[in-house]
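The next block holds one structure in the form of structure tokens; read it before the comments.
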Amino acid sequence: MRILVTGGAGFIGAHVVECLTESGHDVRVLDVVGVEGVDAVRGDVRDPAVVDRALVGVDAVCHQAAKVGLGLDLNDAPDYVGCNDLGTAVLLAAMARAGIGRLVLASSMVVYGEGLGHCVEHGEVMPGPRPVEDLMAGRFEPPCPTCGRAVTPGRICEEAAPDPRNVYAATKLAQEHLAGAWARATGGVATALRYHNVYGPRMPLDTPYAGVAAIFRSMLRAGMPPRVYEDGGQRRDFVHVRDVATANLAALERSGHGLRTYNVATGVPHTVGEMATALAKAHAGPTPITTAEYRLGDVRHITASAARMESELGWQAQTDFATGMAEFATAT
């Protein structure tokens, strides 16, 4: 297939381009940044003329282009909505004009909000936002929304009700809804991949949007200990970028119609503290420090079941946590 990868010059997008090319696909990149060595159109996904030109002769689209980061300040909302939602709408309208019926959308775990919890009295629950007074007092675990008891974190499935907690999360969920509307209107196939915590080589460093793994690595390279928020017990699913790229490859082959969502994750949770310790050990750096600091809008636990990806698309993450973190500690 000839596949257009929007945002193909970015961290994840570049790995997707490499994976698709190595698998024999003909790849074109659409990005605001120039790309050498591949068929590329330079421009903004919000520009209909640019998108129309990029879609000529294309069979499918991997839509990676987005403004990332938490977007905690509502002053950021116009930029996030413009880049993520308007850009997606322009792309989908152009795909409909061109008769292109296959889309893979880069979505995110952030659409869930706080992850699944288990209460001894009420069973599976979805905790709400943590009260500020609890965070200030160092009470970081989210309570059961019904009885207030502590809950045991679990792995969330795609059927869970979305609960976006910040501007970025709201735009990612809106992208999914737009993709679903496009699929219903055109009979197309839309596959939304809800990426969990992606890390790996060529991850951007020292930017406001860098992932926590990149921030910790930058601290270690500067000879400083990683500073871990809260008590370091936040549970995440850290998935290697090469596995994310192969997930995109698998999603392009999905049969059926309409929108289908998938967690892209290892299915094996680790804490942020464990990640900081693994990086420090591999880097032979100073021991991480837990600070008890917090950020409003952050969730405590969000880990995933990857069973749907495995059963329906035959995909499994191949890079285990220890191997991936040891590689990432010294990768460029």
Side-chain angles (χ1 to χ4, degrees), residues 1-31 38-39 45 51 54-55 57-66 68 84-85 87-96 98-111 158 171-196 198 239-265 304 306 308-310 312-317:
M1 286 191 290
R2 172 170 285 186
I3 302 163
L4 177 67
V5 180
T6 70
F11 165 50
I12 296 175
H15 283 275
V16 171
V17 168
E18 291 176 1
C19 178
L20 297 180
T21 301
E22 290 168 359
S23 299
H25 292 291
D26 183 9
V27 178
R28 178 180 295 155
V29 169
L30 170 60
D31 204 297
V38 297
D39 179 14
V45 74
V51 176
L55 288 174
V58 165
D59 302 303
V61 176
C62 275
H63 184 31
Q64 309 292 321
V68 299
N84 298 351
D85 300 337
T88 299
V90 170
L91 174 66
L92 294 173
M95 289 176 65
I100 299 167
R102 186 168 292 272
L103 171 74
V104 176
L105 170 68
S107 187
S108 173
M109 66 177 187
V110 296
V111 302
E158 293 84 352
T171 66
K172 297 309 287 185
L173 184 58
Q175 283 184 299
E176 290 189 9
H177 289 321
L178 288 166
W182 165 84
R184 285 190 294 273
T186 65
V189 181
T191 306
L193 300 180
R194 291 174 174 172
Y195 300 160
H196 283 250
V198 186
V239 58
H240 198 279
V241 67
R242 286 195 296 268
D243 288 324
V244 173
T246 62
N248 277 268
L249 178 63
L252 281 165
E253 304 295 334
R254 184 173 80 85
S255 60
H257 297 283
L259 173 68
R260 187 75 165 157
T261 59
Y262 295 88
N263 287 326
V264 177
R308 179 181 288 184
M309 275 290 293
E310 181 179 359
E312 296 186 8
L313 300 184
W315 177 91
Q316 284 184 304

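The chain is numbered in sequence order, starting from 1. Basis for what follows: all heavy atoms, side chains included, without hydrogens, waters or symmetry-related copies.
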Which residues satisfy the ring pair (Phe, Tyr, Trp, His ring centres under 6.0 Å) test with His240, sequence neighbours excluded? Tyr199

Using a 4.5 Å cut-off on heavy atoms from C-beta on, say whether the side chain of Arg260 contacts that of Glu312. yes

Within a strict 4.5 Å, meaning less than it, do heavy atoms of the Leu105 and Leu193 side chains meet? no

Starting at CZ of Arg2, measure out to CG of Asp39 and round the result to the nearest 0.5 Å. 6.0 Å

Output yes when a side-chain donor or acceptor of Asn248 lies under 3.5 Å from a complementary backbone atom of Val16, and no otherwise. no

Side-chain donor/acceptor of Lys172 to backbone N/O of Ala106, under 3.5 Å: yes

Whether Arg28 side chain and Thr6 backbone form a donor-acceptor pair below 3.5 Å: no

Any side-chain heavy-atom pair from Ile100 and Asp59 closer than 4.5 angstrom? no

Quick one: side-chain contact (heavy atoms from CB on, under 4.5 Å) partners of Ala250, sequence neighbours excluded? Leu313, Trp315

Output for pair (Ile12 CD1, Cys62 SG), nearest 0.5 Å, gives 12.0 Å

Could you tell me if Ser107 and Glu176 have a donor-acceptor pair between their side chains, going purely by distance under 3.5 Å? yes

Is the closest side-chain heavy-atom distance between Val17 and Val38 below 4.5 Å? yes

With sequence neighbours excluded, residues passing side chain to side chain donor-acceptor pair (under 3.5 Å) with Arg254: Thr191

Where Ala179 and Ala190 come nearest, the two heavy atoms and their spacing: O-CB, 3.9 Å

Set of side-chain contact (heavy atoms from CB on, under 4.5 Å) partners for Glu310, sequence neighbours left out: Gln316

Exercise answer: donor-acceptor pairs, residues 88-96 side-chain atoms, under 3.5 Å, sequence neighbours excluded:
residue	atom	partner	partner atom	Å
Thr88	OG1	His63	NE2	3.0
Thr88	OG1	Asn84	O	2.6
Thr88	OG1	Gln175	NE2	2.8

What distance separates Leu20 CG from Asp26 CG, expressed to the nearest 0.5 Å? 10.5 Å

Counterpart residues, salt bridge (charged side-chain N to carboxylate O under 4.0 Å, His left out), relative to Glu18 (two or more places apart): Arg202

Can you find a heavy atom in the side chain of Gln64 that is under 4.5 Å from one in the side chain of Tyr195? yes

Value rounded to 0.5 Å, distance of CZ in Arg194 from CG in Asn263: 7.0 Å

Please give me the minimum heavy-atom distance between Met1 and Ala60, naming the atom from each residue. SD-CB, 4.3 Å

Could you tell me the separation between the CD1 atom of Ile3 and the CZ atom of Arg102, rounded to the nearest 0.5 Å? 10.0 Å

Measure the NE2-OG distance between His196 and Ser108 for me, rounded to the nearest 0.5 Å. 7.5 Å

Close side-chain approach of Trp182 to Leu259, heavy-atom, < 4.5 Å: no

